Amino acid sequence: MKKKLAKILEDTLDLCLKEGYLRQMPLPEFVIEIPNNPDHGNFATNLAMTLAKGQKNSPQNIAEIIIQHLVDHDHFILKAEIGGAGFINFFVATEQWYDLLSQIITLRDDYGRNSLGKGEKIMVEFVSANPTGPLHLGHGRGAALGDSLCRILDFSGYDVSREFYINDGGQQINILGESIYSRWRQISDPSYPFPEDGYQGDYIHELALEIAKETKLENLDIHDAIDLLTELGKDKMLNEIKKDLANFRVNFDLWYKESDLYSSGKIDRAIKLIEKRDLLFEKDGALWIRTSSFGDDKDRVIRKKDGEFTYFATDVSYHFDKWKRGFRKVINIWGADHHGYVNRVKAALMAEGIPDGWLDVLLIQLVKLWQGGAEVKMSKRSGRYVPLRELVDDVGVDAVRFVFLSKDHTSPLDFDIDLVKRKDSENPVYYVQYAHARICSIFRKAAKENIQLPEHPGSILQRLVLDEEIALIRKMAEFPSLVKEIACALEPHRLTYYLTELAGSFHRYYNRHRVISDDKNLSQARLFLSLGVKILIKNGLSLLGVSAPEKM
RNA sequence: GCGCCUGUAGCUCAGCUGGAUAGAGCAGCGGACUUCUAAUCCGCAGGUCGGGGGUUCGAGUCCCUCCAGGCGCGCCA
């Protein structure tokens, strides 16, 4: 609908310039927005204000001229008024709202779908947790954000890939093996030493017990035992992670192993390319990449004195591989503690000749945990943290996802376990889901009373005359442009607020008016209205990966 | 010391990328179920948008500066 209005305004400007109602000037940018205050119409534009300077005339006079010459062949606009500061407020003809509701009912699950992405290949890499321990809440926040983003990008016409990068090499993995080994030895000898930087969590002990049951460790010498435990532990941890994510409704298209980068020679290839571009140098026996030429604070080591590649080297070649695979855009979701790393990876990619802006890194801020009114300090070292699985088992996938997604990822999230564990109105997800369940209940009642709906609403909708009814349709009309904005800005949290508002409007309406009454046509009209809300809530929740229950 | 993020109602957070009188939920107080689901609704109260400058028709939003909190500044991964 915004588009229609934009067209009308453009045509009007053309006319005014051609006929000399306005002086010639470069056309300024203007916006069409949906005012908060219903008195200000369905749409408003700042057009007259932006023209004022160039026209050497007051916004009010210009607005007057525009309103008088509106090019509106379809009678889209019911009325146009001049607002306080020079805004032009438009009231849309009621028929337009009925048409929109009909459209929603025809399109169903596809209402709001758009072609912003034009089928471009885009990748979102997220979670990418080390297979050295179970997923915790921070991973959960990343999983919810990444997955929801993928759903929205897919809905917006992108060809989306979800990818999980497995850090299955390096020191941390060896420590995992050593930790398990030590716990296994401690079964028979409690005084056996535990590695200083070993993983403390109980799961290590459980892994040791499990593996000991399946495998004869006694026959192996210490090195072989640790090697074996490293392999088995890593695989088992990864399986746990996969299980947790599937349970959280997150499924990846590709699980990419760091170790494959070595075996496939991709690291060498990526480094050669940088060398060709003359951006490598040796110093102190190590190999460096000149990232400082591309906005990094300093140059970075890519191969250590001992001949081993750094983690940075594998990451650079991994991203180079993403580029080679033809993704037009890549989004990474990282914990905020990695922010120091962003610039150097971007710089290295530019050193590979990849354009600036190809990689977008979203940093998720910390999840702070509260329980019993006090902060629960988390640390990997002490093994004290709340596993994602525990929370999901307690309150369900829907509530956890919704809470994670209801805040902008740039702000730290305070997560009160007591609060979210309560399965009452405290939890905003129920508010939205309840609206959906309520509407389903209305339809059950309608079926019982044998009220049937024609396939297309047609003129029945003209029975919707209440302000609240039109306001509900207006709210539904916002959805498509909201989806686009979210896809551009990568901000799914806005959807949770939209859904809460929509549900709220419906709850209020429901409490004040009966959908089903003796008046058959009115009942049908209101059932169509409710159907529209139901479609919107279901579509919106599915973009968040949250279910829309028929009963609660 | 340098860099990134944050600071909005008692608490947790929105604020549509610069627009009109800054909004929700929770907590507090007072109301609404013989009705399609009360996990709901209605009303009251609650604010120097961290402080100070600047940019312009117009700033919670952009710039500068200061203050406070979080995170990061490895030839670790």
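Since the structure is predicted, the reported quantities are computational estimates derived from the model, not experimental observations. Per chain, numbering begins at 1; letters A, B, ... match sequence-line order.
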In whole angstrom, give me the gap between the C1' atoms of B/G60 and B/G1. 31 Å
So, is A/Y510 close to the B/A38 phosphate, meaning a side-chain N or O under 4.0 Å from OP1 or OP2? yes
Interatomic distance at P, B/G23 relative to B/G15, whole Å: 15 Å
If we take the P atom in both B/A39 and B/C33, what is their distance in whole Å? 15 Å
Minimum-distance nucleotide (side-chain atoms of A/K407 versus B/C13, B/C75, B/C42): B/C13
Rounded to whole angstroms, how far apart are CG on A/L363 and P on B/C5? 9 Å
What integer distance in Å separates A/D408:CG from B/C16:P? 11 Å
Closest to the A/A44 side chain: B/U6, B/A20, B/C75? B/A20
Using both distances under 3.5 Å as the test, list the Watson-Crick or G-U wobble partner of B/U55, or none. none
A/R508 side chain near B/C42 phosphate (N/O to OP1/OP2, under 4.0 Å): yes
Taking atom P of B/G72 as reference, at what distance in whole Å does atom CD of A/Q365 sit? 11 Å
Answer for the Watson-Crick or wobble partner of B/G72, both distances under 3.5 Å, is B/C2
